[in-house]
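Order of the sequence lines sets the chain letters (A, B, ...), proteins ahead of strands, with each chain counted from 1. Values below: all heavy atoms of this structure, side chains included; hydrogens, waters and symmetry mates excluded.
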Number of protein chains: 2
Amino acid sequence: MPLIDPAEVFQPHDHASCAAQTLARAEEICDAAGARLTPVRRRTLEVLLETHKAMGAYEVLDRLAEDGFGHQPPVAYRALDFLVEHGLAHRIQRLNAFTACTQPGGHAHAPVFLICERCHAVAEAPGPGVRDALENAANAIGFAVERAHVEALGLCPACQKETAP
Amino acid sequence: MPLIDPAEVFQPHDHASCAAQTLARAEEICDAAGARLTPVRRRTLEVLLETHKAMGAYEVLDRLAEDGFGHQPPVAYRALDFLVEHGLAHRIQRLNAFTACTQPGGHAHAPVFLICERCHAVAEAPGPGVRDALENAANAIGFAVERAHVEALGLCPACQKETAP
DNA sequence: GATGACATGTTATAACATTACATTTAAGGT
DNA sequence: ACCTTAAATGTAATGTTATAACATGTCATC
């Protein structure tokens, strides 16, 4: 039972509850892993959860600084790294930016990212099918995949409607 | 008939001929497209072709400067952008770096990249299977994919042997 | 030989990321 | 409670990657 359906990310939804539930789930995950969701880390996740767009580290940093945390880059990068390590956020390579995980603990930590070029929202689609295909392609030449980044650029359902007519 | 088999990239091979053939093919492609493979651009491609590792823009820039071209970042970025636009090179998002295309004109311009974490070589495997799986995952939520970056990290065949025993 | 499109050179700066070191905080053992 | 230690945070300095903006040069075409 995903917290939010991938398709809903691109549509208006009860975002307050979407964010609150994800945050609650994040706390459970940290608890279970014996990891500490400290104030900066928690606040960083809250900031990322405000939007489904990816956010740059410096934008996060500005927000943290406003809240009284340090205003040097490592403050943001450390918190973001923690979140990524624990599967609570993802780095979007294509954008050099970060986004809160919408499925923490979900689909085997191997999502594919769908990045809308018009509204800049980022959704996570289930990755297993794509991973399998990738494994096949790699195995065919003897390459052993450890992890993969799959990022698609295109138009989300809502923006397709806006653009076409 | 690919210029070089993906698997060979990770093994010793006649690299001089590999590079020369690719360069020749690049010239044909530019000709056919009415694009000009000017001295900087050609030299940039030659530099990338020296190795199957991805190369950062500033490393390329240094090489160009040595050869008497300008030594400001745009010199390298413009040449690299040209090569990428014409399918003669690829940007590897994960590494913020560039690599010469080993299959110019080949497998529908939709390769998946295999990045060896030990020797840092980058190979291109045929992407269609992966693209199809990605299309399926995206279509399921109404997302229209325009292009995608698929990058796998792991160990190439040669480095698996080196590491295991 | 003027025009216009493309390509290159150069300056400056923006945007993203890390190293290194000092200080504080929290957890566990005695 | 107190000490020890590991983890987390703060801060300064710097490194790396990328682009904007504008000037100059080159070349094909008319």
Side-chain angles (χ1 to χ4, degrees), chain A residues 26-27 30-31 33-48 53-86 88-99 115 120 122 149 151, chain B residues 26-27 30-31 33-48 53-86 88-99 120 149 151:
Chain A
E27 275 166 353
C30 285
D31 251 31
R36 296 168 52 202
L37 191 60
T38 61
V40 222
R41 293 167 176 175
R42 191 191 153 92
R43 185 70 194 120
T44 300
L45 182 53
E46 285 172 5
V47 167
L48 290 182
K53 295 177 193 166
M55 198 175 279
Y58 278 71
E59 192 179 348
V60 170
L61 178 58
D62 287 345
R63 299 293 309 278
L64 292 174
E66 280 172 19
D67 293 341
F69 297 101
H71 54 289
Q72 309 303 326
V75 172
Y77 281 102
R78 283 197 286 236
L80 290 166
D81 287 349
F82 171 89
L83 296 175
V84 170
E85 252 171 45
H86 290 82
L88 306 176
H90 301 287
R91 172 180 220 122
I92 307 299
Q93 305 286 348
R94 176 61 213 240
L95 305 174
N96 291 324
F98 300 83
T99 185
I115 306 166
H120 302 113
V122 177
H149 295 268
E151 302 177 355
Chain B
E27 275 166 355
C30 285
D31 252 30
R36 296 169 52 203
L37 191 60
T38 61
V40 223
R41 292 168 177 173
R42 191 191 153 93
R43 185 72 194 122
T44 301
L45 182 53
E46 284 172 6
V47 168
L48 290 181
K53 296 178 192 165
M55 196 175 280
Y58 280 73
E59 194 179 347
V60 170
L61 179 57
D62 287 346
R63 299 292 309 275
L64 292 174
E66 280 173 21
D67 293 340
F69 298 100
H71 54 288
Q72 308 305 325
V75 171
Y77 280 103
R78 283 196 286 235
L80 290 165
D81 287 349
F82 171 89
L83 296 175
V84 169
E85 252 171 45
H86 290 82
L88 306 176
H90 300 288
R91 171 180 222 123
I92 306 299
Q93 304 288 345
R94 176 61 214 243
L95 305 174
N96 290 325
F98 299 82
T99 186
H120 303 114
H149 296 267
E151 302 178 353

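Residue A:Arg43 has no polar side-chain atom (N or O) positioned under 4.0 Å from OP1 or OP2 of D:dT9. For A:Arg36 and C:dT25, the shortest distance from a side-chain N or O to OP1 or OP2 is not below 4.0 Å. Note on A:Asn96: every side-chain N or O is 4.0 Å or more away from OP1 and OP2 of D:dT17.
Rounded to 10 degrees, the angle separating the terminal axes of the helix from C:dG1-D:dC30 to C:dT30-D:dA1 is 30°, with each axis obtained from five end pairs.
As rounded to whole Å, 12 Å separates atom P of C:dA15 from atom OH of A:Tyr77. In this structure, B:Leu37 atom CG and D:dT26 atom P are separated by 19 Å, rounded to whole Å. Atom pair B:Asp81:CG and D:dA18:P shows a separation of 10 Å (rounding to whole Å applied). Between A:Leu61 atom CG and C:dA17 atom P the separation is 12 Å, expressed in whole Å. One interatomic measurement links the two molecules: CD of B:Glu85 to P of C:dC6, which rounds to 12 Å at whole-angstrom precision. Remark: P of D:dT9 and CG of A:Asp67 are 15 Å apart, rounded to the nearest angstrom. As rounded to whole Å, 13 Å separates atom C1' of D:dT17 from atom CG of B:Leu95.
Residue B:Ala57 comes nearest to B:Phe98 through the heavy atom pair CB-CE1, 4.1 Å, listed as atom of the first residue, atom of the second, then distance. Shortest non-hydrogen contact noted between B:Ile92 and B:Ala54 is CG1-CB, 4.3 Å. Residues B:Pro73 and B:Tyr58 come closest through the heavy atom pair CG-OH, 3.3 Å. When all heavy atoms of B:Ala79 and B:Thr44 are compared, the pair lying nearest together is CB-OG1, 3.3 Å.
To the nearest 0.5 Å, the span separating CD on A:Glu59 from NZ on A:Lys53 amounts to 9.5 Å.
Here the side chains of B:Cys30 and B:Leu88 are in contact, with some heavy-atom distance below 4.5 Å. Side-chain contact between B:Leu80 and B:Leu48 is present, with heavy atoms from C-beta onward closer than 4.5 Å. Two residues are said to be in side-chain contact when any heavy atoms from C-beta on lie closer than 4.5 Å; B:Tyr77 and B:Phe82 fail this criterion.
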Using a cutoff of under 3.5 Å, can you pull out all pairs of nitrogen or oxygen atoms linking the protein to nucleotides 10-16 of chain D, with atom names and distances?
unit_1, atom_1, unit_2, atom_2, d
D:dG10, N7, A:Arg78, NH2, 2.5
D:dG10, O6, A:Arg78, NH1, 3.2

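Of the possible donor and acceptor atoms, none in the side chain of B:Gln93 sits under 3.5 Å from a partner among the backbone N and O of B:His149.
Comparing A:Arg91 and B:Ala35 by the nucleotide of DNA chain C that holds the closest heavy atom to each, the one mapping nearer the 5' end is B:Ala35.
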